[in-house]
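Structure first, then comments.
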Amino acid sequence: MVLDERFDSVTGTWYISLDGEIDIYNAPEFKERLHQLIQRQSGNFVLDCRGLNYIDSTGLGVLISALRRVKEYGGEIKIQNLKPYLKKIFVITGLDKIFTIEVGNHEQ
Amino acid sequence: MVLDERFDSVTGTWYISLDGEIDIYNAPEFKERLHQLIQRQSGNFVLDCRGLNYIDSTGLGVLISALRRVKEYGGEIKIQNLKPYLKKIFVITGLDKIFTIEVGNHEQ
Amino acid sequence: MSSDLITLSVPAKPEYVMITRLTSAAVATRIGFDVDQIEDIKMAVAEAIIMIINQLISPDKLLVIFSLEPKLISVKILGEGNWDSNDISTHDLGQAQLSKYILGSMMDKVEYQIDNGTIQAILMHKNLGV
Amino acid sequence: MSSDLITLSVPAKPEYVMITRLTSAAVATRIGFDVDQIEDIKMAVAEAIIMIINQLISPDKLLVIFSLEPKLISVKILGEGNWDSNDISTHDLGQAQLSKYILGSMMDKVEYQIDNGTIQAILMHKNLGV
Ligand SMILES: Nc1ncnc2c1ncn2[C@@H]1O[C@H](COP(=O)(O)OP(=O)(O)O)[C@@H](O)[C@H]1O
Ligand SMILES: Nc1ncnc2c1ncn2[C@@H]1O[C@H](COP(=O)(O)OP(=O)(O)O)[C@@H](O)[C@H]1O
């Protein structure tokens, strides 16, 4: 699910790699993890979804809930390297308008 | 199922690559194909199983039936590059004793 | 000839939704949908299940019935067994809206069977080669 | 707590055996079997189905019932519906022997329910972490 996380204190950004599947089964754990990171250090988020194969509406709900918290301190969540069929879900649900979705490779 | 087939007239051998899954659904087609080759040109057989992910008892049955025909003219069937969990099935069923099973890469 | 039926029954628990996804993918593969369509069907089945599980009152079992015709798959997802108040649900209307958008876009037709405000079953179908 | 049940029903036709394999793999994955054991369970379920299909008299439906306990999976495969003389079978005893060897080696316990010389059901189980 969350493969890797690191905070870059220069840019004030959490870099997170997502992996495998995020679904109704592990979404609660994913939510817990994101909220912990937000509490440890408020910052922007960059989610690298290169390894993500599946996300369902409960996973999207977790992202929305995280975004709400991040917006409270004026942060943003960028989503990178989504596979096309996952990008489609963000578009269908209109979430491509509230997250910053970056196509292609934007490594730091 | 059968990815590729070619007859080497120098060694009198059919080289065949197997691919994907051979199961109760496509075994009849696999049997048909092997029997056609035997009729076209009697020879030894080398089956490259590098791409084979699954074979069930009906697939094994087809190999046994082909072997019976090949033995009639004194030929043999060599099976190469089986994945370990498929090799296991040949051992369990005792078929490792009637086929020549070669481990590792024996490209021609 | 009548259509072939495949039915899968699982406990209505989050850990089993993955199994319904893989079975759906296998069924869709068998009737010849392409990779993108298989992904759509897999997702739609999962979202339908999430909608039924994530209600104030939810069932303890789920039945997924695939009906296979030459150019069409229809899937009925229905709650079964005891319907009881739910301890795993987020009862989240925003959530349900997300599922609804996904279902509507992935499948060619979606029907909800609602009784007393609770979704009892979801029936949907997708045409092959559209 | 009683064990969780997952049931899958498919027409007794060769083209649907693949679906039972993938569902079996998903179920085995969910309870934590490792890659080799998942392969074993997948294969065993398929061979049990082949044995039931490949008889002189065979059913028109197959029911696969997975019963999940913390350290054990048991699977019952049974013929259902109409039992009739078989047009797809090879009625091949050598074939059945192959299946039997595979089943016996892949699973920790296998039981055949035979009536009038026809296998009606096969019950098998595998322990986790052996
Ligand atoms: N040693 C064996 N062990 C298990 N099964 C065998 C063995 N020999 C033959 N068989 C069975 O016999 C069948 C092949 O026999 P064969 O008479 O050559 O068939 P066909 O005439 O259809 O080609 C296979 O399906 C296989 O299941
Ligand atoms: N724009 C929206 N579209 C769909 N669902 C939404 C939207 N906004 C919020 N939600 C739903 O609201 C939930 C997140 O809201 P939030 O109050 O932040 O939850 P929590 O307090 O649990 O963190 C998500 O589960 C999501 O399903």
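Residue numbers start from 1 in every chain, and the chains themselves are labelled A, B, ... in the order their sequence lines are given, proteins ahead of strands. Any value given below was found using the heavy atoms of this structure, including those in side chains, with hydrogens, waters and symmetry copies removed.
- In this structure, C:Lys100 satisfies the cation-pi test against C:Tyr112, with its NZ or CZ atom closer than 6.0 Å to the six-membered ring centre and inside 45 degrees of the ring normal.
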Residues C:Lys13, D:Asp4; criterion salt bridge (charged side-chain N to carboxylate O under 4.0 Å, His left out); working and verdict:
CA-CA 10 Å; C:Lys13 300 182 187 173; D:Asp4 279 344; 2.9 Å; yes
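- Neither the backbone nor the side chain of C:Leu63 has a heavy atom closer than 4.5 Å to any heavy atom of chain D.
- D:Ile6 approaches C:Leu8 most closely through the heavy-atom pair CG2-CD1, 4.0 Å.
- Proximity of a side-chain donor or acceptor of D:Asn86 to a complementary backbone N or O of D:Leu56 within less than 3.5 Å is not detected.
- Between C:Lys126 and the choices C:Asp36, C:Asp108, C:Asp40, the salt bridge (Lys or Arg N to Asp or Glu O under 4.0 Å) rule is met once, by C:Asp40.
- For D:Ile65, no part lies under 4.5 angstrom from a heavy atom of chain C.
- For chain C, the option among D:Leu22, D:Thr23, D:Leu68, D:Thr20 with the highest count of heavy-atom pairs below 4.5 Å is D:Thr23.
- For chain D, the option among C:Glu15, C:Arg30, C:Met18, C:Lys61 with the highest count of heavy-atom pairs below 4.5 Å is C:Arg30.
- For D:Ile19, the parts lying under 4.5 angstrom from a heavy atom of chain C are both the backbone and the side chain.
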